[in-house]
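Both backbone and side-chain heavy atoms feed into the values below; hydrogens, waters and symmetry mates do not. All figures in this text were calculated on a predicted structure; none of them were measured in a lab. Each chain gets a letter, A, B and so on, in the order the sequences are listed, and its residues count up from 1.
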Protein chains: 2
Amino acid sequence: MVCPVPTASDFERMLRGASLRVTAPRIAVLSAVHSHPHADTDSIIGVVRQNLGAVSHQAVYDVLRALTGAGLLRRIEPQGSVARYEARVGDNHHHVVCRSCGSIADVDCAVGAAPCLDASDDHGFVIDEAEVIYWGTCPECTTAAKSS
Amino acid sequence: MVCPVPTASDFERMLRGASLRVTAPRIAVLSAVHSHPHADTDSIIGVVRQNLGAVSHQAVYDVLRALTGAGLLRRIEPQGSVARYEARVGDNHHHVVCRSCGSIADVDCAVGAAPCLDASDDHGFVIDEAEVIYWGTCPECTTAAKSS
DNA sequence: TCGTTAACTTGACTCACTCCAGAAAAGACG
DNA sequence: CGTCTTTTCTGGAGTGAGTCAAGTTAACGA
């Protein structure tokens, strides 16, 4: 992480760096994802509207796609969950997902560079990334299950 | 794999082994998934209808869920794709997905038993499975990209 | 400041999937 | 074999994330 609490001008710089136009919805979406990691689209729309007032859901979808395509955001989509977005990009980290409540936490990649794993037999595929999802139970759900 | 070409009676045994009732749609779905690995629900419905005639999509969804819950099928759901099902269960293998055409191939797990990876920091989660998805380009799309 | 072009708004629409209520079939038991 | 109970199947309506399309607005370079 370069800066712990990015400001609007940081987001502006990121957008310009990706040769994207700087607009209020884009800054608001970037800010929302930075402050709410692993948020789904609906939550992001809610946060953006709190900051900006009326913003169409379509705009948020467009912005999310543009920023994901530009590499400023990363889209994650564990099974049985809607799409979620996070701002940590470029460090090839992975995720652990709670089977019970669906909460997500980051897990640093043990290797660091993509692809961090080699396939035993790649079937001729040219592999550029290995995505790892750990499935388990989060601390809250573990204690809740024990006490019940 | 116990048998390379399972027959209807094999499927019947599998169903009884999971204490599930033996019905024609279930056998047809099992057979369809065995002969079309990584097929999506729609394709499965098509194959089942070729064999049985009219079967409601609801029945296929129910059967797929019942068989998945019983551990006879495995549901996989890579990003940007609809749910797919496969018959290889219990060997904790992984998948490689083509970014270009979406095709999926199996990759044997290098370790063998779940979870085959340890997280560097598990945040207190109790992890029982590590799912790996390799992203890349399949041989067909690689040659197609070169020749264009 | 102006024109171009990308971005946003609005609203309808798609598609995978689910829910529901009633009809039909499978398995258990006498 | 015949009846009863439970599970499954049918058909249709419904849900919700996400997309498409046409028109308007606003960013940015000249």
Side-chain angles (χ1 to χ4, degrees), chain A residues 8-9 11-30 32-33 38-49 51-70 72-73 75-85 102, chain B residues 8-9 11-30 32-33 38-49 51-70 72-73 75-85 102:
Chain A
S9 58
F11 294 135
E12 188 176 334
R13 219 171 303 127
M14 293 162 73
L15 288 169
R16 292 196 195 282
S19 36
L20 289 170
R21 291 195 179 168
V22 178
T23 67
R26 288 184 170 173
I27 302 228
V29 166
L30 264 180
V33 175
H38 311 137
D40 59 38
T41 311
D42 228 46
S43 316
I44 294 171
I45 292 177
V47 174
V48 168
R49 288 194 175 144
N51 295 340
L52 286 189
V55 179
S56 67
H57 74 148
Q58 184 62 36
V60 176
Y61 275 105
D62 280 353
V63 168
L64 286 172
R65 189 165 359 169
L67 298 184
T68 305
L72 295 180
L73 294 182
R75 177 190 174 111
I76 55 181
E77 198 175 330
Q79 298 203 190
S81 167
V82 298
R84 292 160 181 278
Y85 293 86
Chain B
S9 59
F11 294 135
E12 188 176 334
R13 220 172 302 127
M14 292 163 73
L15 288 170
R16 292 197 195 282
S19 36
L20 289 170
R21 294 199 177 164
V22 179
T23 66
R26 286 184 171 176
I27 302 227
V29 167
L30 264 180
V33 175
H38 311 134
D40 58 39
T41 311
D42 229 45
S43 316
I44 294 171
I45 292 177
V47 173
V48 167
R49 286 193 176 146
N51 294 340
L52 287 189
V55 178
S56 69
H57 73 145
Q58 183 61 38
V60 177
Y61 275 105
D62 281 353
V63 168
L64 286 172
R65 189 167 0 171
L67 297 184
T68 306
L72 294 180
L73 294 182
R75 179 190 172 111
I76 55 181
E77 199 174 328
Q79 300 202 190
S81 167
V82 299
R84 291 160 182 276
Y85 294 86

Work out which heavy atom in A:I76 is nearest to a heavy atom in B:Q79; give both atom names and the distance. CA-OE1, 3.8 Å
For a quick test of reading the model, state the closest non-hydrogen atom pair linking B:R26 to B:L15 and the distance between them. CB-CD1, 3.9 Å
How many Å lie between CZ on A:R84 and P on D:dG18, as a whole number? 11 Å
Members of residues 56-70 of chain A that approach DNA chain C, where some heavy atom sits under 4.0 Å away: A:S56, A:Q58, A:A59, A:V63
Donor-acceptor check, side chain of A:R84 to backbone of A:A39, threshold 3.5 angstrom: yes or no? no
Between B:T68 and B:L64, the two heavy atoms sitting closest are OG1-O, 2.5 Å
Please report the distance, rounded to the nearest Å, between CZ in A:R49 and C1' in C:dT9. 11 Å
Which heavy atom of B:E77 sits nearest to which heavy atom of B:A83, and what is that distance? CG-CA, 4.3 Å
Can you tell me if the side-chain N/O atoms of A:T23 get under 4.0 Å from OP1 or OP2 in D:dA26? no
B:I27 atom CD1 is separated from D:dT8 atom C1', nearest whole Å, by 14 Å
Chi angles and distances behind the side chain to side chain contact (heavy atoms under 4.5 Å, CB included) call for A:L30, A:V63: CA-CA 9 Å; A:L30 264 180; A:V63 168; over 6 Å; no
Roughly, in whole Å, what's the span from CG in B:L20 to C1' in C:dA25? 16 Å
Over how many whole Å does the gap from B:R21 atom CZ to D:dT6 atom C1' extend? 5 Å
Between C1' of C:dA16 and CD of B:Q79, the distance in whole Å: 17 Å
Work out how much the helix from C:dT1-D:dA30 to C:dG30-D:dC1 bends between its end axes, five pairs an end, to the nearest 10 degrees. 40°
For residues 55-69 of chain A, the salt bridge (charged side-chain N to carboxylate O under 4.0 Å, His left out) pairs (sequence neighbours left out) are none
Of all heavy-atom pairs between B:L72 and B:A18, which one has the smallest distance, and what is that distance? CD1-CB, 4.3 Å
Quickly work out the B:R16 CZ to D:dT7 P distance and round it to whole Å. 16 Å
So, under a plain 3.5 Å distance rule, would you say the side chain of B:R26 forms a donor-acceptor pair with the base of D:dT8? no
Mapping B:V82 and B:V22 to their closest nucleotides on DNA chain C, which lands nearer the 5' end? B:V82
CG of B:L52 versus P of D:dC9: gap in Å, rounded? 11 Å
What heavy-atom pair brings A:A66 and A:L20 nearest, and what distance separates the two atoms? O-CD1, 4.4 Å
